2 protein chains.
Amino acid sequence: MADRGLRADAARNRTNIVHAARALIAAHGVDVGMDDIAREAGVAVGTLYRHFPAKADLIAAIVGERIEEMLADLDAVSARLDAGGSARDELVALVTTVAARAGEDRLLKAAAGDLVRTSLNDVEHRAVAALRQIVAAGHRQKALYRDVSADDVALILTLLPGEETPDPARRRWVQLVLRSLLADDAGEPP
Amino acid sequence: MADRGLRADAARNRTNIVHAARALIAAHGVDVGMDDIAREAGVAVGTLYRHFPAKADLIAAIVGERIEEMLADLDAVSARLDAGGSARDELVALVTTVAARAGEDRLLKAAAGDLVRTSLNDVEHRAVAALRQIVAAGHRQKALYRDVSADDVALILTLLPGEETPDPARRRWVQLVLRSLLADDAGEPP
DNA sequence: ATAAATCATGAACCATCGTTCAGGTTAGGA
DNA sequence: TCCTAACCTGAACGATGGTTCATGATTTAT
């Protein structure tokens, strides 16, 4: 949380705004009005615009947070792998975790669209780098089909079902997609 | 195309409107304005509203067409299966075909949302019934994992990537998801 | 305590977009 | 040909939602 020399009340308002925006967007989608966000944050619209010159900036900030969280998850996984963890278990846990958060994440990602796609690219590279480590470990442990790449895993994480899909279907989905990555023992893809 | 006793020019306008709407929605998303659709169709907005009392009706009409196309595909597949075709090949072809059209379809489906969900339900039942036949044939031919159900296939068809996913990734995706359905030979899921 | 900079307020502005309607036009049968 | 129902036109309306700005309130350093 970078308090860039903000006044005490300004900093407080800023975090309130971000919290309110996160909650409302998660609940009602990206189309929530700025007025609603401001009211939920206990602040006037003008204040909101002082901190975020445009709605896109507010959304970009939230998306940025989510991306950081995800990168932290990825780093944690590869650390555990370096410590000798099971690549299979880690992959299952990773996909499950991301799927659970996918409801909110998908909304934000959809909203961000190509708005932040340019600034996303370098972060995406960081993510793919982490995934590459994980996939490499998976191959070393013969837990993945031979042709599975880091991009494949990234693709799957990107295409996880959002909140429009009811929960049992979402769980089943995780089961199914993992099947396309994890080899029983041989490692030869069909 | 049910010309319900329309005047000649009215019928012409109606098809022009539907064509224009399909094209614009496919190209720019569901958020295209009614004015744009009208202009593209060479018609005034009022005319558009004479044929479709609300934007939702226009979208519902287009979605209906797409659904009919898809049902026709499904029926064709199960007919070919009854004639002794390979369930595996048919499934691959089906998913590939739907994936190719997914760009536009996803847009429409997203737009339809719960707007038409009620009227979709019975059509969805028809679709699932057809899928059930296909999956049954697949099991008879030992081409699928034992636990794969018609709902699984429906889930996959629903969650196919849209136009936001570039084409090579989309093809790879089809390869991957099919792997989670099609058994090599044994039929026992991991 | 006082000043100056920083920050907050919220009514108003403006652009967009779905929708309507009064009046003009056209098709097609008698 | 002429009449009338069916149809078309497009300016205008209203709701929505992002954005601005003149004015007033707080914080903080001196």
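Quantities reported herein were computed from a predicted structural model and do not represent experimental measurements. Chain naming here is simple, since letters A, B, ... match the order of the sequence lines and numbering starts at 1 in each.
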S.K.: Quick one: A:Phe52 CZ to C:dC7 C1', roughly how many Å, whole number?
M.R.: 15 Å
S.K.: Are A:Leu157 and A:Val128 connected in the hydrophobic side-chain network, where two residues link if heavy atoms are under 4.5 Å apart?
M.R.: no
S.K.: Respond yes when some side-chain nitrogen or oxygen of A:Thr47 is under 4.0 Å from OP1 or OP2 of C:dC7, and no when none is.
M.R.: no
S.K.: Calculate the interatomic distance between B:His28 atom NE2 and C:dC17 atom P; express it in whole Å.
M.R.: 12 Å
S.K.: Rounding to an integer number of Å, can you tell me how far B:Arg12 CZ sits from C:dG28 C1'?
M.R.: 14 Å
S.K.: Residues in side chain to side chain donor-acceptor pair (under 3.5 Å) with A:Arg171, at least two apart?
M.R.: A:Asp167
S.K.: Do any side-chain atoms of residues 69-87 of chain B form donor-acceptor pairs under 3.5 angstrom with protein atoms, and if so which ones, sequence neighbours left out?
M.R.:
unit_1  : atom_1 : unit_2   : atom_2 : d
B:Glu69 : OE2    : B:Arg66  : NH1    : 3.2
B:Asp73 : OD2    : B:Arg101 : NH2    : 2.6
B:Ser78 : OG     : B:Leu74  : O      : 3.3
B:Ser78 : OG     : B:Asp75  : O      : 3.1
B:Arg80 : NH1    : B:Glu90  : OE1    : 3.1
B:Arg80 : NH1    : B:Glu90  : OE2    : 3.4
B:Ser86 : OG     : B:Arg88  : N      : 3.3
B:Ser86 : OG     : B:Asp89  : N      : 3.1

S.K.: Got a sec, which residues hit side chain to side chain contact (heavy atoms under 4.5 Å, CB included) with A:Ala169, two or more places apart in sequence or on another chain?
M.R.: A:Thr165, A:Pro166, B:Leu155
S.K.: Residues two or more places apart in sequence or in another chain: which of them pass salt bridge (charged side-chain N to carboxylate O under 4.0 Å, His left out) with A:Arg50?
M.R.: none
S.K.: Encode nucleotides 18-23 of chain C as B, S and - characters from 5' to 3', where the letter depends on protein heavy atoms closer than 4.0 Å: B to the base, S only to sugar-phosphate, - to neither.
M.R.: SBB---
S.K.: B:Arg39 CZ to D:dC8 P: how many Å, rounded?
M.R.: 19 Å
S.K.: Would you please confirm or rule out a distance under 4.0 Å between OP1 or OP2 of D:dC7 and any side-chain N or O of B:His51?
M.R.: no
S.K.: May I have all residue pairs that pass salt bridge (Lys or Arg N to Asp or Glu O under 4.0 Å) and include part of residues 51-63 of chain A, sequence neighbours excluded?
M.R.: none
S.K.: Check the distance between C:dA8's P and A:Arg50's CZ and give it to me in whole angstrom.
M.R.: 6 Å
S.K.: Is the shortest side-chain N/O distance from B:Asn13 to OP1 or OP2 of D:dC7 below 4.0 Å?
M.R.: no
S.K.: Scan nucleotides 28-30 of chain D against the protein and return all N/O pairs shorter than 3.5 Å with their distances rounded to 0.1 Å.
M.R.:
unit_1 : atom_1 : unit_2 : atom_2 : d
D:dT28 : OP1    : A:Ala8 : N      : 3.2

S.K.: My understanding is that only residues two or more places apart in sequence, or in another chain, count here; which of them pass side chain to side chain contact (heavy atoms under 4.5 Å, CB included) with A:Arg7?
M.R.: A:Asp9, A:Ala10
S.K.: Could you list the residues that satisfy side chain to side chain donor-acceptor pair (under 3.5 Å) with B:Asp36, not counting sequence neighbours?
M.R.: B:Arg39
S.K.: Let me know the distance between CG of A:Asn16 and P of C:dC7, rounded to the nearest Å.
M.R.: 16 Å
S.K.: Which heavy-atom pair separates A:Val95 from A:Leu160 by the least distance, and what is that distance?
M.R.: O-CD2, 4.1 Å
S.K.: Over how many whole Å does the gap from B:Ile37 atom CD1 to C:dC17 atom C1' extend?
M.R.: 12 Å
S.K.: Whole-Å distance between D:dT19 C1' and A:Asp57 CG?
M.R.: 12 Å
